[in-house]
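I have a structure I would like to understand better, so I am pasting it below and will then ask my questions one at a time.
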Amino acid sequence: MSTVAQELVARSNRLGADPRTTNYAGGNTSAKGTATDPVTGDDVELLWVKGSGGDLGTLTEKNLAVLRLDRLRALVDVYPGVEREDEMVAAFDYCLHGKGGAAPSIDTAMHALVGAAHVDHLHPDSGIAFATAADGEALTRQVFGDSVVWVPWRRPGFQLGLDIAAIKDANPQAIGCILGGHGITAWGDTSEEAEARSLQIVRTAEEFIASHTGPHPFGEVVQPPLPDDERRARAAALAPVIRGLASTDKPQVGHYTDSDVVLDFVSRAALSRLAELGTSCPDHFLRTKVKPLVVDLPSDAPLEEVVGRLKELHATYRADYQGYYDRNATPDSPAIRGADPAIVLVPGVGMFSFGKDKQTARVAGEFYVNAINVMRGAEAISTYVPIDEAEKFRIEYWALEEAKLARMPKPKPLATRVALVTGAGSGIGRAIAERLAAEGACVVIADLNLDGAQEVADSLGGPDVAIAVKADVTSEEDIARLIAETSLAFGGIDLVVNNAGLSISKPLLETTAKDWDLQHDVMARGSFLVAREAARAMIAQDMGGDIVYIASKNSLFAGPNNIAYSATKADQAHQVRLLAAELGGHGIRVNGVNPDGVVRGSGIFAGGWGAQRAATYGVPESELGAYYAQRTLLKREVLPEHVAAAVFALTGPDLVQTTGLHIPVDSGVAAAFLR
């Protein structure tokens, strides 16, 4: 990596690591320098600039676009004007230097045309507060004098780059500018100078806002937050309902936030007025939509009343969004992408945010927190005035944004689905969780062994993919908490795998009532409790769902020394049929998997069951897997991943009309054929 690029990456990482300086994936940075042209051997002036997408805090060299400055500057002479400025983005590809690197972003012109070696364009909350203040231009002069110049709102693009370049040339004393409705840009002759000037603008704006914040900018508290336990219980009950509404056009994953910033905002008198104005910075509203849905009931209103009102407000929101689209769309506008809210604010409870996956949902919430900070700052020093609706629409339904969305990879088969797997800390449950996550699902790893569950969750990618919850499936309280934690983590629940189990192999006369009760409590009762509470959430969510029971070949086959386990598995197998019949009207499919002989990687076999079964069949425990394989029609050993594959087959896109089915995963045991 060149020295220039190294300095740029280091500066970007420092700026991006501080949320006061810029939001996640927001802003871009650049540096100009020289390198050797590999064709001519001559020096060539280059621009290194953060490419499209990515995040400053985690930027690496591969996230930089590298372009020739002579070619970029030559574009000024062929620029066709603001009405056709989108055409310039395609021209950036013809200015690239070398192979690899990121695609140039819309802000490339700003960095190329501004006459400074180093440029930072950032979205700090304090800077956007000035940018969205009703008298932001006058405040900029008051606070910064002539060192920071006001630039009226203009959509990001080539013309904005020309505007800022001209303003810098006309104001040689300036260190940067505030972009109306948008953010800040700073520059310097060295990387250190550009960074220092960026921070100077941000910190000066912060200090001014802090010194002018009197009585709370959002007004009096009118809806105080509910107590912690009550608030989270209400959030867990509302989450599936809200997620179902937010998924009317297409399924979404949810995220819940009850941070102090959010709880304060939704408690204040100005909530409705400010929320209706919507966000301003393009980075914000592209993720949060132009405005949130706000529940207009007291924080202590009965749950049933809140649910009913949510459905009314959702219908109104969709009609309003359709109106917004119809007012602003032109014949060449992309089709409406969906009229559901991305942000839902509930006084006393907090914020629910939604996206195509957990990270997108979480980041949407983080951006709305940025917007709250912006509104607070603007209201403290002036009045919050975002860019107008027509400008928001131009960016939300920008042809370039549509093209960017079209380049996104095709979603995985289980994308947007929230799965819960019991007994997922090891063995078959772990294999199922790994397969579901690999196919795109968010997964809750439920297990009595929290350490084991956490290790699995971490291995799958952490909380944006999987969380671990300690749960005893025999406890009604634990299962209610498990479903609540699932809803709070991902917005609801779509897919349940009843896998938790154990086995004690004994002849009838040696089987105690304790042996019988333990196995029935964990597998029969536990599966019932999990299915009941999951179905309650799925019905409230109204998105259908899947429940899968990991039963056994023994639910059909009468083997020796196994009455408690086999009777329990037969109970589970019949639960599949009963629930398939009962829940089909809600779009919930219930199916089962009947494994046999899963020795390697099985928690049950490792826990003593293997030794017991080996003794029953008169073979060494180390040869039990091979023994099971040889008694099958296919003569193949069954592994945990084979069971996981069956679960995916039942819950993926190919068997959507199937319910009440049991799939054998036993390599062929004729005595256990379904009849």
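Only heavy atoms go into these numbers, but all of them, side chains included; no hydrogens, no water, no symmetry mates. Because the structure is predicted, anything quoted here is derived from the model rather than measured.
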Closer than 4.0 angstrom, basic N to acidic O: yes or no for Arg362 and Asp464?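 Counted as a salt bridge, because a side-chain N and a carboxylate O are separated by less than 4.0 Å.
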
Donor-acceptor pair, Arg234 side chain versus Asp229 backbone, under 3.5 Å?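 Not confirmed, Arg234 side chain does not pair with Asp229 backbone.
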
Hey, what do you get for CG (Leu495) to CD1 (Ile588), rounding to the nearest 0.5 Å?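 If we round to the nearest 0.5 Å, Leu495:CG and Ile588:CD1 are 11.5 Å apart.
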
Quick check: does any side chain N or O of Ser475 sit under 3.5 Å from a backbone N or O of Ala471, one acting as donor and the other as acceptor?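 Judged by distance alone, no pair lies under 3.5 Å.
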
Quick test of your reading of the model: are Glu637 and Arg600 salt-bridged, counting only N-O distances below 4.0 Å?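 Salt bridge: yes.
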
Aromatic rings Tyr617 and Tyr628: how do their planes relate, parallel, tilted or perpendicular, breaks at 30° and 60°?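 Tyr617 and Tyr628: perpendicular rings.
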
Roughly how far, to the nearest 0.5 Å, is the CD atom of Gln359 from the SG atom of Cys442?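 The CD atom of Gln359 is 11.0 Å from SG of Cys442, to the nearest 0.5 Å.
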
Mind listing the closest non-hydrogen atom pair of Lys291 and Tyr317 along with its distance?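 Heavy atoms of Lys291 and Tyr317 come nearest at O-OH, 2.7 Å.
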
Would you say that Tyr321 contacts Lys289 through its side chain, given a criterion of any heavy-atom pair below 4.5 Å between the two side chains?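 Yes, at least one pair of side-chain atoms sits under 4.5 Å.
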
Electrostatic pair Arg318-Asp249, nearest N-O below 4.0 angstrom: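 A salt bridge is present here (some side-chain N lies under 4.0 Å from a carboxylate O).
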
Glu305/Arg309 under salt bridge (Lys or Arg N to Asp or Glu O under 4.0 Å): CA gap, chis, key distance, verdict: CA-CA 6 Å; Glu305 186 178 345; Arg309 184 60 178 148; over 6 Å; no

Donor-acceptor under 3.5 Å (Ser247 side chain, Gln252 main chain):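 At least one qualifying donor-acceptor pair exists.
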
If only atom types and distance count, is the side chain of Thr651 paired as donor or acceptor with the main-chain N or O of Val647 below 3.5 Å?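 Flag set: sc Thr651 to bb Val647 pair under 3.5 Å.
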
Charged N-O contact under 4.0 Å between Lys553 and Asp596: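 A salt bridge is present here (some side-chain N lies under 4.0 Å from a carboxylate O).
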
Checking Ser353 against His255: is there a side-chain donor and acceptor pair closer than 3.5 Å?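 The answer is no; no qualifying pair exists.
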
Under 3.5 Å, is there a donor-acceptor pair between the side chain of Arg430 and the main chain of Gly425?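 No; zero donor-acceptor contacts below 3.5 Å.
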
Can a donor-acceptor pair be found between the side chains of Asp571 and Gln575 at a distance below 3.5 Å?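 The criterion, which ignores hydrogens and geometry beyond distance, is satisfied for Gln575 and Asp571.
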
Less than 4.0 Å between a side-chain N and a carboxylate O, is that true for Glu485 and Arg481?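 A salt bridge is absent here (no side-chain N lies under 4.0 Å from a carboxylate O).
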
Would you say the side chain of Tyr549 lies within less than 4.5 Å of the side chain of Val497, judging by non-hydrogen atoms?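 The answer is no, as the side chains (C-beta and beyond) never meet within the 4.5 Å cut-off.
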
Between Arg243 and Asp494, does at least one N-O distance fall below 4.0 Å, as a salt bridge requires?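 Counted as a salt bridge, because a side-chain N and a carboxylate O are separated by less than 4.0 Å.
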
Do you see a donor-acceptor pair shorter than 3.5 Å between the side chains of Gln572 and Ser527?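 Side-chain D/A pair, Gln572 to Ser527: present.
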
Is a side-chain donor-acceptor pair under 3.5 Å present for Thr511 with Asp515?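 On atom types as modelled, these side chains do not qualify, holding no pair under 3.5 Å.
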
Any side-chain donor-acceptor pair under 3.5 Å between Asp542 and His586?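 The answer is no; no qualifying pair exists.
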
Would you say the side-chain atoms of Ser299 pair up with the backbone N or O of Leu226, donor to acceptor, closer than 3.5 Å?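 Side chain of Ser299 to backbone of Leu226: no pair is present.
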
Just by distance, do the side chain of Asp357 and the backbone of Val253 share a donor-acceptor pair under 3.5 Å?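 Checking the backbone N and O of Val253 against the side chain of Asp357, no donor-acceptor pair under 3.5 Å is found.
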
Side-chain contact test, heavy atoms from C-beta onward, threshold under 4.5 Å: evaluate it for Asp666 versus Asn594 and give yes or no.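 No - every pair of side-chain heavy atoms lies 4.5 Å or more apart.
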
Looking at Thr474 and Gly526, would you say the former's side chain and the latter's main chain have a donor-acceptor pair under 3.5 Å?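 Looks like no, no N/O pair under 3.5 Å.
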
Given Leu313, which partner from the list Val294, Asp296, Leu245, Val344 fulfils the side-chain contact (heavy atoms from CB on, under 4.5 Å) test?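 Answer to the side-chain contact (heavy atoms from CB on, under 4.5 Å) test with Leu313 among Val294, Asp296, Leu245, Val344: Asp296.
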
Regarding Asp517 and Lys514, does a basic nitrogen lie under 4.0 Å from an acidic carboxylate oxygen?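 Looking at Asp517 and Lys514, the cut-off is not met.
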
Under the 3.5 angstrom rule, does the side chain of Arg589 hit a backbone N or O of Leu650 as a donor-acceptor pair?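 Yes, because the side chain of Arg589 sits within donor-acceptor range (under 3.5 Å) of the backbone of Leu650.
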
